[in-house]
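The structure appears below as C-alpha cells.
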Amino acid sequence: MAQKTIKSEFFKGIWSDNPVTRQLLGLCSVLAVSNAVINGVAMGLAVTFVLVFSSLIVSVIRKIVPNQVRIASFIVIIATFVTIADRVLAAYFPQLSKAMGPYVPLIVVNCIILGRAEAFASKNKVGRSIIDALGMSCGYILTLLLMGFIRELLGNRSILGYQILGKWFEPWVVMLLPPGAFIMLGLIIALFNLIENKIKEKQKLR
Amino acid sequence: MNLLVIFISAVLINNFVFYYFLGLCPYLGVSRKIGPSISMGMAVTFVLSLTAVASWMINHWILLPYGLDYLQIVSFILVIAALVQLVEMFIRKVSPPLYQAMGIYLPLITTNCVIMGLALLAALKNYNFLETVIFGVSAGLGFTLAIVLMAAIREQLDLADVPRPLRGAAIALITAGIISLAFMGFSGIIK
C-alpha cells in the first residue's frame, strides 16, 4: 500500500495535478523559454533543483518555523536556491543564461515552488515531499519539452539546433514569437482536457 | 525623448503581459469581469511604481556600492513583500473604501512575477532613477490595459458557444495570443 501511494504521489505531478496544464502555475516561464528545446531543458533543470531542495528544507524545518512567518521564511529559502542556480548557470553556461534573461531569477516568484512548499512540503514528511517535488518537476519539464519541441520544429525547422525539416517547409515564424507561445499553450491545455474528458467518459461507461 | 520611448515601449510594444509573459496568474485569474480587473490593474500599477523606487534605491545605494549584486534576488523579494504588507496596512487605516476596492488583491501581488520582473529588468537595463520610475508606471499601465481588454473579451466569451475542451484557461490563452498578435503591430512605432 505504502509503495503504491508513493508511486501515485509521483505520477500525480505528471498528469492529474500537472502544475502547468492542470493547476496553471508557472505559466510565465513556460511561455517565455519554450521557444527552443535547449532553453526548456535548462529551465526545467533549474526549476527541479530549486523545487527539490526548497521542498527538502521546508519539510525539515516545518515544525520549527512559527506559522505567522512561514511564508516569509519559505521565500527566503527559495530565493537562496534560486540565487545558487542563477550563479551556476551564469558561470558555466553564460550563453544559455543570457538567452533566458531575467527568467532564471524569476523562478523565485514561480508559483509552482511556493505553492508546493505551502500546500505539500510544509505538511508532509521529508521523503514524501521530495517525491512530490520530483513528480511536479517532471510534469513541468515534460510540458516545457512538448512546447519547446513543437515551437522549435515549426518555427525553426529544427530540434535542439539540428535541422529536421527540409527547405520545403516554410517556417512558421510566429511560433517563435510571443503569440505562438500563448496559442500553443492554449491548444495543449485543450488537448489535455480532451483526453481527460475521454478517460472520464470511459470510466463512467464501465 | 528617452523617457517617452520607455513609456511607449513598456505600455504597447514590450507589454509586460504580451511580451515578457509576466503576471499571467492574475491576468488569467482576475480577468473574468471588467470591474475587478480595473481594480487589479490599479493595484498592480500602484505597487509597481513603489517597487520601482524601492528597488532602485536598494540596488544603487546598497547592493552595487558594496559589490553585493548577487544578493539582488533575495533582497528584492524581501523588500517587495515588506512593501506590499506596509501598503496594505496603510490603506486599511487611511482609506477603508480603497481597501475594499483593491485590498484583497494586494497579498496576491507579492508573489506576482510582474513586480519582481520589473525590479530585475530595471536593474538589468541599467536605468537611472527617473527612467526606472517611468518604467514602473508605464509597465503598470500596460498591465492594466492588457487585463481590461482581456476582461472585456471574456465577458463576451461567456455568451459564446465554446467547444468543451477549450473552455476556461485554454480559450483565454488563445485569446491572449491573438491580442498579443495585434499588439505586435505596434512594434514599428519605435526603431
Side-chain angles (χ1 to χ4, degrees), chain A residues 20-34 71-72 74-87 90 101-111 113-115 118 174 177-198, chain B residues 14-25 27-29 70-78 80-82 85 107-108 110-125 162-184 187:
Chain A
V20 182
T21 57
R22 289 259 144 232
Q23 307 183 45
L24 300 177
L25 298 177
L27 294 182
C28 313
S29 54
V30 170
L31 291 168
V33 302
S34 62
I71 301 274
F74 294 168
I75 290 181
V76 176
I77 293 166
I78 295 169
T80 312
F81 286 111
V82 173
T83 310
I84 296 174
D86 182 43
R87 294 289 104 183
Y103 295 102
V104 177
L106 278 178
I107 297 176
V108 76
V109 281
N110 188 322
C111 343
I113 295 168
L114 194 62
E118 169 72 5
V174 71
L177 299 171
F182 279 115
I183 294 174
M184 200 29 97
L185 186 62
L187 291 178
I188 288 178
I189 290 177
L191 180 71
F192 276 40
N193 284 345
L194 191 71
I195 298 172
E196 183 81 13
N197 288 347
K198 282 264 159 22
Chain B
N14 296 347
N15 186 293
F16 266 49
V17 175
F18 299 130
Y19 185 83
Y20 289 118
F21 308 106
L22 295 174
L24 288 175
C25 306
Y27 183 67
L28 294 177
Y70 60 90
L71 284 179
Q72 253 174 10
I73 302 173
V74 182
S75 47
F76 282 172
I77 191 87
L78 282 179
I80 293 168
Q85 200 78 60
L108 284 175
T110 319
T111 52
N112 182 338
C113 22
V114 179
I115 315 290
M116 188 67 184
L118 174 96
L120 290 168
L121 280 172
L124 203 71
K125 294 187 177 190
V162 179
R164 218 173 115 211
L166 278 171
R167 272 178 209 163
I171 194 72
L173 279 166
I174 293 175
T175 313
I178 295 170
I179 304 178
S180 146
L181 204 59
F183 266 64
M184 279 179 61
S187 58

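To find a chain, count down the sequence lines: A is the first, B the second, and so on, and within it residues start at 1.
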Using distance only, find each side-chain donor-acceptor pair of residues 169-176 of chain B under 3.5 Å and give its atom names and separation, not counting sequence neighbours.
residue  : atom : partner  : partner atom : Å
B/Thr175 : OG1  : B/Ile171 : O            : 2.6

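Looking at B/Leu28, only its side chain comes within 4.5 Å of chain A, counting heavy atoms on both sides. Of the two parts of B/Leu78, only the side chain, counted from C-beta on, holds a non-hydrogen atom closer than 4.5 Å to a non-hydrogen atom of chain A. Neither the backbone nor the side chain of A/Ala90 comes within contact range of chain B; no heavy atom of the residue lies under 4.5 Å from a heavy atom of that chain. For a residue to count as touching a neighbouring chain, one of its non-hydrogen atoms must lie under 4.5 Å from one of that chain's; by this rule B/Leu22 touches chain A with backbone and side chain alike. In this structure, chain B has a heavy atom under 4.5 Å from the side chain of A/Tyr103, while its backbone stays farther away. With a 4.5 angstrom heavy-atom cutoff, B/Tyr20 touches chain A via backbone and side-chain atoms both.
Your options are A/Ile183, A/Leu31, A/Asn193, A/Leu25, and the one with the most heavy-atom pairs under 4.5 Å with chain B is A/Leu31. Contact count against chain B (heavy-atom pairs under 4.5 Å) is highest for A/Pro178 among A/Ala32, A/Gly180, A/Ala181, A/Pro178. Considering only heavy-atom pairs separated by less than 4.5 Å from chain B, the leading option among A/Thr83, A/Ile78, A/Leu27 is A/Thr83. Per-residue heavy-atom pair counts under 4.5 Å with chain A were compared for B/Leu120, B/Ile73, B/Leu71, and the maximum is reached by B/Ile73.
For B/Tyr19, the OH atom is loosely surrounded, since the number of other residues' heavy atoms within 6.0 Å does not exceed 12. The environment of B/Lys125 atom NZ is dense: over 12 non-hydrogen atoms of other residues, nucleotides or ligands sit within 6.0 angstrom.
A donor-acceptor pair is defined here as one N or O able to donate and one able to accept, closer than 3.5 Å; no such pair exists between the side chain of A/Arg87 and the backbone of B/Tyr70.
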Next on the checklist: Evaluate B/Phe16 against B/Phe21 for side-chain contact (heavy atoms from CB on, under 4.5 Å), listing each step before the verdict.
Outcome noted: CA-CA 6 Å; B/Phe16 266 49; B/Phe21 308 106; over 6 Å; no
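In this structure, B/Phe183 and B/Phe18 have tilted ring planes: the angle between them lies in the 30° to 60° band.
Evaluation of the side chain to side chain contact (heavy atoms under 4.5 Å, CB included) rule for A/Pro179 yields A/Val174, A/Leu177, B/Ser180, B/Leu181, B/Met184 as partners, not counting sequence neighbours.
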